[in-house]
K.L.:
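Please find one structure pasted underneath; my questions will follow.
What's counted below: heavy atoms across the whole structure, side chains too, no hydrogens, waters or symmetry copies. Proteins come first, then strands; the chains are lettered A, B, ... in the order of their sequence lines, and each starts at number 1.
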Amino acid sequence: MDKLKRTTVASALRDWESIGIGNSINLKGWVRTRRGNKNVTFIALNDGSIIHNIQIVANPADFNEEMFRLITTGSCISVIGELVESPGQGQAVELIAREIEVYGSADPETYPLQKKGHSLEFLREIAHLRPRTNTFGAVLRIRHAMSFAIHKYFNDNGFYYLHTPIITGSDAEGAGAMFRVTTLDPVNPPLTETGEVDYSHDFFGKATNLTVSGQLEGELGAMALSKIYTFGPTFRAENSNTPRHLAEFWMIEPEVAFYDIHDNMDLAEDFLKYLVNYALEHCMDDLEFLNKMYDHELIDRLRFATENDFKRLTYTEAVEILMTSGQKFVYKVDWGTDLQSEHERYLVEKHFKRPVILTDYPSTIKAFYMKQNEDGKTVRAMDVLFPRIGEIIGGSQREENYQKLVNRCREVEIPEKDIWWYLDTRKYGTAPHAGFGLGFERLILFITGMANIRDVIPFPRTPQNAEF
RNA sequence: UCCUUCUUAGCUCAGUUGGUUAGAGCAUCUGACUGUUAAUCAGAGGGUCGCUGGUUCAAGUCCAGCAGAGGGAGCCA
């Protein structure tokens, strides 16, 4: 074939005027559909650079018959031809094929992706091929754009990206069951005198796990660099089977020195609105597809979220609203117990009809490190609740007083020797500070309108499922 | 982990009060058509009804166990 640099489909469709009608280009991609007759064949080609296909027009008589038969749904081809204005409806330009090379055929009898739509459940079973669908192409491009926007937002606002460890030796993070990391022989591990596994012989000389949060280490960074964020994988060994939980997910955790709970809420709201705006500005093709195929209110909902203030109120105020709402709940509303999903949904979807930030929860239902209020009963926690997905952000102002923090550790039986390094930040040059955790996949759920978190990550990890 | 619904062709689903040889649309294959847009039209092939056991003259259909999936709940991001 001629030596021509590859042009992406995105470029051909967007920049065809500067490429020039009548000029030859080389497109490479995967065949979505093929139709036509003896005299003319139309091939819809997609290379993932954009949601749209480009139409390749070929005269079968001009090509080797054996080769031409291999151009079926799913096959991968390289086409050199002339970019022309399309006489047909539905596209501005198309490519008149002069040379075609088949990189890889795809047996139509066994290739699982068809021209017709598939259920999301079926696509989960073929996660190795689903990136080739319009839906997952759109989701994955949006996922990329959101990753980029997160780094851009923090960089533009003076935050430093802190790489907190994936493997941790601390059991004290308090965010649920963890995955053990070990190089010991599972069949015949070294034992202590009392018959327990002796992790002093393990790789790190102690028991280690995959991280459930980078927050504690993030605070160490904030106590030096002032404004930091983490963005990395997080692991929870909880047996959660819901459309909102993964065993392996990505989390963003900003942590800022000298911020109080109000600064923290301002940051969370500004950050989320920035991300939604970024998607509206940079991913409209993909959003329009998702809006059309899955969720007709998606774009309206995204616009609404950027244009309206989040409603801020305390846990105590929320409990009062719920108790006087007249609404029947399966679970009773009661000051001192955590709100159920149905309560949160009522507040967000029925009562306020907008994102809600709840603060000042009872200390008994929140983590040990949250700043204790004067009332002795509540802590400066904040949860950002979104329609359809519930808690998208959980955060707090942190307890910066050494003695109060140590006392709290003792109450909830966290051994000080395990987190001496964390307590040290309160001993030496302590400062008020605050931060939060944003579940990346939950953000992508909101942005894409997808209903199941397994459909917004390329290869989901859930109980009983680590295929691919 | 609990509650609940589901599992029939490659995919999405029908299948009546249990009754002969298991149905459709799409996909695939063959043919027709000189510009299609998830092309259209005609024809063909394609099934161990999730698995195991039970009830019955007879089970896709009823019962039990197991496996997998969906939805809801809990844990949370």
Side-chain angles (χ1 to χ4, degrees), chain A residues 32-44 52-61 69 72-74 84 86-91 94 96 106-126 133-134 173-177 212-215 233-253 268 293 329-331 337-345 365-367 383-386 389-395 436-446 451-457 462-465 467:
Chain A
R32 286 295 175 77
T33 71
R34 176 194 166 158
R35 55 185 171 264
N37 54 44
K38 260 186 220 139
N39 303 285
V40 60
T41 290
F42 301 94
I43 300 162
H52 305 295
N53 305 325
I54 194 165
Q55 176 157 280
I56 312 291
V57 184
N59 181 346
R69 288 171 65 85
T72 57
T73 299
V84 301
S86 176
Q89 298 291 306
Q91 60 278 316
E94 61 190 24
I96 306 295
D107 181 357
E109 296 276 9
T110 57
Y111 184 64
L113 288 173
Q114 303 171 358
K115 302 175 188 185
K116 286 273 179 182
H118 293 286
S119 68
L120 293 169
E121 289 84 358
F122 174 68
L123 291 175
R124 271 173 224 151
E125 294 169 14
I126 52 166
T133 63
N134 287 334
E173 293 176 3
V212 293
S213 165
Q215 182 200 315
T234 309
F235 307 89
R236 305 254 168 112
E238 234 101 55
N239 190 11
S240 293
N241 291 287
T242 84
R244 299 181 305 284
H245 291 85
L246 291 166
E248 176 183 299
F249 65 100
W250 289 66
M251 187 153 66
I252 299 102
E253 295 176 289
M293 300 301 289
F329 295 111
V330 177
Y331 291 90
T337 59
D338 211 353
L339 299 180
Q340 304 289 321
S341 288
E342 56 172 345
H343 305 143
E344 296 180 346
R345 271 212 305 277
I365 57 172
K366 287 294 182 183
D383 283 2
V384 180
L385 308 177
F386 261 39
I389 45 181
E391 186 180 343
I392 195 169
I393 278 179
F436 60 79
L438 167 68
F440 185 58
E441 282 75 19
R442 290 194 180 169
L443 170 74
I444 305 302
L445 278 179
F446 181 72
N452 194 311
I453 203 164
R454 294 161 201 198
D455 298 329
V456 296
I457 188 168
T462 53
Q464 299 301 312
N465 179 23
E467 193 70 57

K.L.:
Go through the N and O atoms of the side chain of Asn37(A) and the base of U36(B), and report whether any donor-acceptor pair is under 3.5 Å.
P.N.:
no
K.L.:
Locate the shortest heavy-atom distance separating Gly394(A) from Asp383(A); write the atom from each residue and the value.
P.N.:
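Smallest heavy-atom distance, with atoms named: CA-OD1, 3.8 Å.
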K.L.:
When all nucleic acid strands are considered with a 4.0 Å heavy-atom cut-off, which category describes Ile392(A): base, sugar-phosphate, or nothing?
P.N.:
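If one applies the 4.0 Å heavy-atom cut-off, Ile392(A) turns out to touch the sugar-phosphate alone, with no base involved.
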K.L.:
Can you say whether a donor on the side chain of Glu125(A) sits under 3.5 Å from an acceptor on the base of G68(B), or the other way round?
P.N.:
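A donor-acceptor contact between them is absent.
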K.L.:
As a test of reading the structure: which of A38(B), C29(B), A73(B) is closest to the side chain of Ser341(A), going by heavy atoms?
P.N.:
A73(B)
K.L.:
With a centroid cutoff of 5.5 Å and a plane-angle limit of 30°, would you call Phe249(A) stacked on A77(B)?
P.N.:
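Taking the rule of under 5.5 Å and under 30°, the ring of Phe249(A) does stack on A77(B).
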K.L.:
Using the C1' atom in both, what is the distance from C63(B) to G18(B), to the nearest Å?
P.N.:
13 Å
K.L.:
Would one find a side-chain N or O of Arg69(A) under 4.0 angstrom from OP1 or OP2 of U30(B)?
P.N.:
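Answer yes for this pair, as a side-chain N or O of Arg69(A) is under 4.0 Å from OP1 or OP2.
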K.L.:
Quote, to the nearest angstrom, the P distance that separates C41(B) from G74(B).
P.N.:
49 Å
K.L.:
By the 4.0 Å heavy-atom rule, please label Ser86(A) as base, sugar-phosphate, or nothing.
P.N.:
base
K.L.:
In whole Å, I'd like the distance from the CZ atom of Phe122(A) to the C1' atom of C26(B).
P.N.:
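My rounded result for the distance is 13 Å.
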K.L.:
Looking only at side-chain atoms of Ser119(A), point me to the closest of A77(B), G35(B), U12(B).
P.N.:
U12(B)
K.L.:
What does Leu443(A) touch in the nucleic acid at a heavy-atom separation under 4.0 angstrom: a base, only the sugar-phosphate, or nothing?
P.N.:
nothing
K.L.:
Mind checking whether Pro112(A) and His118(A) have side chains closer than 4.5 Å, heavy atoms only?
P.N.:
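Counting from C-beta outward, Pro112(A) and His118(A) never come under 4.5 Å.
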K.L.:
Is any side-chain nitrogen or oxygen of Arg34(A) closer than 4.0 Å to OP1 or OP2 of U28(B)?
P.N.:
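Answer is no, no contact under 4.0 Å.
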K.L.:
Give the rounded distance in Å between these two atoms: CG of Asn241(A) and P of U5(B).
P.N.:
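The distance from CG of Asn241(A) to P of U5(B) comes to 18 Å, rounded to the nearest Å.
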K.L.:
Quick check on side-chain hydrogen bond (donor to acceptor under 3.5 Å, both in side chains): which of Asn134(A), Thr73(A), Thr133(A) does Arg32(A) satisfy it with?
P.N.:
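It is Asn134(A), the one option of Asn134(A), Thr73(A), Thr133(A) that forms the side-chain hydrogen bond (donor to acceptor under 3.5 Å, both in side chains) with Arg32(A).
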K.L.:
Any base atoms under 4.0 Å from Pro112(A), or only sugar-phosphate, or nothing? Heavy atoms, all strands.
P.N.:
nothing
K.L.:
Can you give me the closest heavy-atom contact between Ser213(A) and Glu253(A), atom names plus distance?
P.N.:
OG-OE2, 2.9 Å
K.L.:
Please report the shortest heavy-atom distance between Pro60(A) and Val40(A), naming the atom on each side.
P.N.:
CD-N, 3.9 Å
K.L.:
Kindly say if Arg124(A) contacts the phosphate of G70(B), meaning a side-chain N or O under 4.0 Å from OP1 or OP2.
P.N.:
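So the side-chain polar atoms of Arg124(A) do come within 4.0 Å of the phosphate oxygens OP1 or OP2 of G70(B), strictly under.
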K.L.:
Is there a donor-acceptor contact under 3.5 Å from the side chain of Arg454(A) to the main chain of Arg124(A)?
P.N.:
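No: the side chain of Arg454(A) does not pair with the backbone of Arg124(A).
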K.L.:
Could you state the atom-to-atom distance from CG of Asn239(A) to P of C2(B) in whole Å?
P.N.:
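Taking CG of Asn239(A) and P of C2(B), I get 9 Å after rounding.
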K.L.:
How far, in whole Å, is U16(B) from U36(B) if one measures between their C1' atoms?
P.N.:
43 Å
K.L.:
Check this one for me: any side-chain N or O of Asn465(A) less than 4.0 Å away from OP1 or OP2 of A69(B)?
P.N.:
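No, because none of the side-chain N or O atoms of Asn465(A) sits under 4.0 Å from OP1 or OP2 of A69(B).
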K.L.:
Verify, without hydrogens or angle tests, whether Arg442(A) (side chain) and Arg244(A) (backbone) share a donor-acceptor contact under 3.5 angstrom.
P.N.:
yes
K.L.:
Under a 3.5 Å distance rule, please check whether Thr41(A) uses its side chain to pair with a backbone N or O of Asn59(A) as donor and acceptor.
P.N.:
no
K.L.:
Side chain of Glu121(A), heavy atoms from C-beta onward: which of G35(B), A77(B), A69(B) has the nearest atom to it?
P.N.:
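Among the listed nucleotides, the one closest to the side chain of Glu121(A) is A69(B).
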K.L.:
Does Arg35(A) get its side chain close enough to the base of C33(B), under 3.5 Å, for a donor-acceptor pair?
P.N.:
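When only heavy-atom distances are counted, Arg35(A) does not reach the base of C33(B) through any donor-acceptor pair under 3.5 Å.
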K.L.:
Quantified in whole Å, what is the P atom distance between nucleotide G72(B) and nucleotide G53(B)?
P.N.:
36 Å
K.L.:
Using the ring-ring contact (aromatic ring centres under 6.0 Å, His included) rule, take Phe329(A) and His343(A) through it: C-alpha gap first, then chi angles, then the decisive distance, then the call.
P.N.:
CA-CA 8 Å; Phe329(A) 295 111; His343(A) 305 143; 4.8 Å; yes
K.L.:
Lys115(A) side chain N/O closer than 4.0 Å to the phosphate oxygens (OP1, OP2) of C26(B)?
P.N.:
no
K.L.:
Using a heavy-atom cut-off of under 4.0 Å over every strand shown, decide if Gln215(A) touches base, sugar-phosphate, or nothing.
P.N.:
nothing
K.L.:
On RNA chain B, compare the nucleotides closest to Phe42(A) and Thr33(A); which residue's is nearer the 5' end?
P.N.:
Phe42(A)
K.L.:
Classify Phe440(A) by what it touches in the nucleic acid, base, sugar-phosphate, or nothing, heavy-atom distance under 4.0 Å.
P.N.:
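No contact.
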K.L.:
Could you work out the separation of U55(B) and U61(B) based on their C1' atoms and round it to a whole Å?
P.N.:
14 Å
K.L.:
If the condition is side chain to side chain donor-acceptor pair (under 3.5 Å), which residues does Asn452(A) pass it with, not counting sequence neighbours?
P.N.:
none
K.L.:
What nucleic acid atoms does Gly437(A) come within less than 4.0 Å of, heavy atoms only: base, sugar-phosphate, or nothing?
P.N.:
sugar-phosphate
K.L.:
Would you kindly give the CG-to-C1' distance between Leu445(A) and A77(B), to the nearest whole Å?
P.N.:
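Answer to the nearest Å: 11 Å.
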K.L.:
Distance-only, no hydrogens or angles: does the Glu238(A) side chain make a donor-acceptor pair with backbone N or O of Ala177(A) under 3.5 Å?
P.N.:
yes
K.L.:
With respect to the side chain of Gln464(A), which nucleotide from A73(B), C33(B), G68(B) is positioned closest?
P.N.:
G68(B)
K.L.:
Send over the distance from Gln114(A) CD to G10(B) P, rounded to a whole Å.
P.N.:
11 Å
K.L.:
Work out how far the C1' atom of A9(B) is from that of C26(B), and round it to whole angstrom.
P.N.:
12 Å
K.L.:
How many whole angstroms separate atom CD of Glu109(A) from atom C1' of C11(B)?
P.N.:
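Going from Glu109(A) (CD) to C11(B) (C1'), I get 14 Å.
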K.L.:
Whole angstrom is fine here: how far is it from NE2 in His343(A) over to P in A73(B)?
P.N.:
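My rounded result for the distance is 11 Å.
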K.L.:
Answer with base, sugar-phosphate or nothing: what part of the nucleic acid does Thr41(A) contact at a heavy-atom distance below 4.0 Å?
P.N.:
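The residue Thr41(A) makes no contact with any strand.
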K.L.:
Give each stem of RNA chain B as a range with a range, requiring at least 3 consecutive Watson-Crick or G-U wobble pairs whose two distances are under 3.5 Å.
P.N.:
B:1-7 with B:67-73, B:10-13 with B:23-26, B:28-32 with B:40-44, B:50-54 with B:62-66
K.L.:
Students often get this wrong, so: under 4.0 angstrom with heavy atoms, is Gly88(A) touching a base, only sugar-phosphate, or nothing?
P.N.:
base
K.L.:
Looking at the side chain of Gln91(A), which of C11(B), G71(B), U36(B) is the nearest nucleotide?
P.N.:
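Shortest atom-to-atom distance from the side chain points to U36(B).
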K.L.:
How long is the line joining CG of Leu113(A) and P of G10(B), in whole Å?
P.N.:
16 Å
K.L.:
Toward the 5' end of RNA chain B, which comes first, Pro463(A) or Ile453(A), by nearest nucleotide?
P.N.:
Pro463(A)
K.L.:
Measuring from the side chain of Ile96(A) (C-beta onward, heavy atoms only), which nucleotide among G70(B), G35(B), G74(B) has the closest atom?
P.N.:
G35(B)
K.L.:
For atom C1', what is the distance between G47(B) and A24(B), given to the nearest Å?
P.N.:
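About 14 Å, rounded to a whole number of Å.
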K.L.:
Donor-acceptor pair, Gln91(A) side chain versus Gln89(A) backbone, under 3.5 Å?
P.N.:
yes
K.L.:
A32(B), OP1 or OP2 - any side-chain N/O from Lys38(A) closer than 4.0 Å?
P.N.:
yes
K.L.:
Please check the phosphate of C76(B) (OP1 and OP2 only) for any side-chain N or O of Arg442(A) closer than 4.0 Å.
P.N.:
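Indeed not, no polar side-chain atom of Arg442(A) lies that close.
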K.L.:
Looking at the side chain of Gln340(A), which of C76(B), A77(B), A73(B) is the nearest nucleotide?
P.N.:
A73(B)
K.L.:
Considering only atom C1', compute the distance from C49(B) to C13(B) and round it to an integer number of Å.
P.N.:
13 Å
